[in-house]
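Report on one structure; see the data block that follows.
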Amino acid sequence: MLVVKKFGGSSVADRDKIFNVARRCIEDYKAGHDVVVVLSAMGNTTDDLIELAQGINPHAKQREMDMLLTTGEQVSVSLMAMAMQAMDVPAVSLNAFQVMMYSTSRYGNARFKRVDTERIHHELDSRKIVIVTGFQGVNKYDDITTLGRGGSDTTAVALAAVLHADKCEIYTDVDGVYTADPRVVKNARKLDVITYDEMLELASLGAKVLHNRSVEMAKKYNVELVVRSSLNRSEGTTVKEASNMEKLLVTGVAADANTARISVIGVEDKPGIAFRIFDTLAKNNINVDIILQSVGRDGTKDISFTVASGDLEYALKILEDHKERLTIREITHNEEVAKLSVIGAGMMSNPGVAARMFESLYNSRVNINMISTSEIRITVLVAEKDIDKAMNAVHDGFIMSE
Ligand code: ASP
Ligand code: MG
């Protein structure tokens, strides 16, 4: 059996933790398996390196940033190999160059294009544990790239895919994927399984358990993932394709306070206006999320939509600059809003999920500002001050009653 095991920064933050990870990998090795380990940088190394760079040049080129940031992973893989060797187990550390993990050329946000397996197979054949740097790639200029923050998960999935691994385990400092953030929702519980699509919806809502692209890739290549803790033996959560039996009505509830609402008031009620507004925003790289349009009255209408908080100021400026062309009478905005979503693959075939969500919100007297849905998700916009209360109410309304 071939296993890929990925450990995040908190799992290799110090000497004891490095030996703890080494022991867990050696267990698999001694059971006769081929073991490939992917590591993140130790603790907060990546953040510290970014800070260091900012002190030198706040406008550092992304190429140099990648050169700098990838050193973090190189530290952890070499130390891990030394730890295993100290325990008399043959191990070798490799970076993206040595494995040959080719990526697109985009520094800071590269994607894998092709990953060679020859070197890894060669090392496994001589019964070594192979330890690979997460987060990095090599582009066509023979430069080192990074995959974006949290990208080590994607390295692990890419390797599991090309090596046809029997298992891909993502170790972290939590027991798995929860039905809601356990720091906010006291009744949150760990899930045994979740589908790729549900995980993708959760990840894009800011549940930072897995790198979004790692889930996309796992789905594409059908790599079953297990998210589990490096600190205990709990079974963790399996991320895989849905089987009908397992489809839960609602798997999780997620909140995102990093959102703001903008309303453009009194725009002309005629074809092409919505197109012009959203085209202008898109051309300026502003992502728009929930959109709500009022019924036209006296030849005008209002359109509201949400953007990420970080984009608010820029979006307002763009709209102000184009106010006349877009026929806008007035622009208003509200930063004190948050998104609340319920996610579940079972929604597709079960009516009434929205009604039940709204009932829970009504019971706790939380007002709904806007609503949007996908096949497996319902999102509402509520006041930010209500978000914790709303999250608990909706969570308990679904999860506790199943
Ligand atoms: N060390 C990188 C980061 O902090 C990559 C990772 O941990 O997945 O973003
Ligand atoms: Mg991570």
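Both counts, for ligands and for their atoms, begin at 1 and track the order of listing.
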### Query
With a 4.5 Å limit on heavy-atom distance, are the side chains of Tyr107 and Met65 in contact?
no

### Summary
ligand 1 to Glu73, heavy atom cutoff 4.0 Å, flagged ligand atoms 1 (N), 2 (C), 5 (C)

### Query
By number and element, which atoms of ligand 1 are closer than 4.0 Å to a non-hydrogen atom of Arg149?
3 (C), 4 (O), 9 (O)

### Query
Which pairs with one or both residues in residues 370-393 pass salt bridge (charged side-chain N to carboxylate O under 4.0 Å, His left out), sequence neighbours excluded?
Glu201-Arg377

### Message
Has Asp302 got a side-chain atom pairing as donor or acceptor with Gly266's backbone, closer than 3.5 angstrom?
### Response
yes

### Task
Pull out every atom of ligand 1 sitting under 4.0 Å from any heavy atom of Ser40, numbered as shown with elements.
6 (C), 7 (O), 8 (O)

### Polar side chain donor-acceptor pair, Ser214 to Asp153, under 3.5 angstrom
no

### Query
Can you tell me if Asn232 and Asp175 form a side-chain donor-acceptor pair at under 3.5 Å?
yes

### Message
For ligand 1 and Asp153, I'd like to know whether there is a polar contact (N/O to N/O, distance under 3.5 Å).
### Response
no

## Note on the structure
Of Asn44, Thr46, Leu69, the one whose closest heavy atom lies nearest atom 2 (C) of ligand 1 is Thr46

### For Gly150, the ligand 1 atoms whose distance to one of its heavy atoms is below 4.0 Å
3 (C), 5 (C), 6 (C), 8 (O), 9 (O)

### Task
Could you tell me whether ligand 1 has any atom less than 4.0 Å away from a heavy atom of Gly151?
yes

#### Entry: Sequence-distant partners of Arg233, salt bridge (Lys or Arg N to Asp or Glu O under 4.0 Å), two or more places apart
Glu27

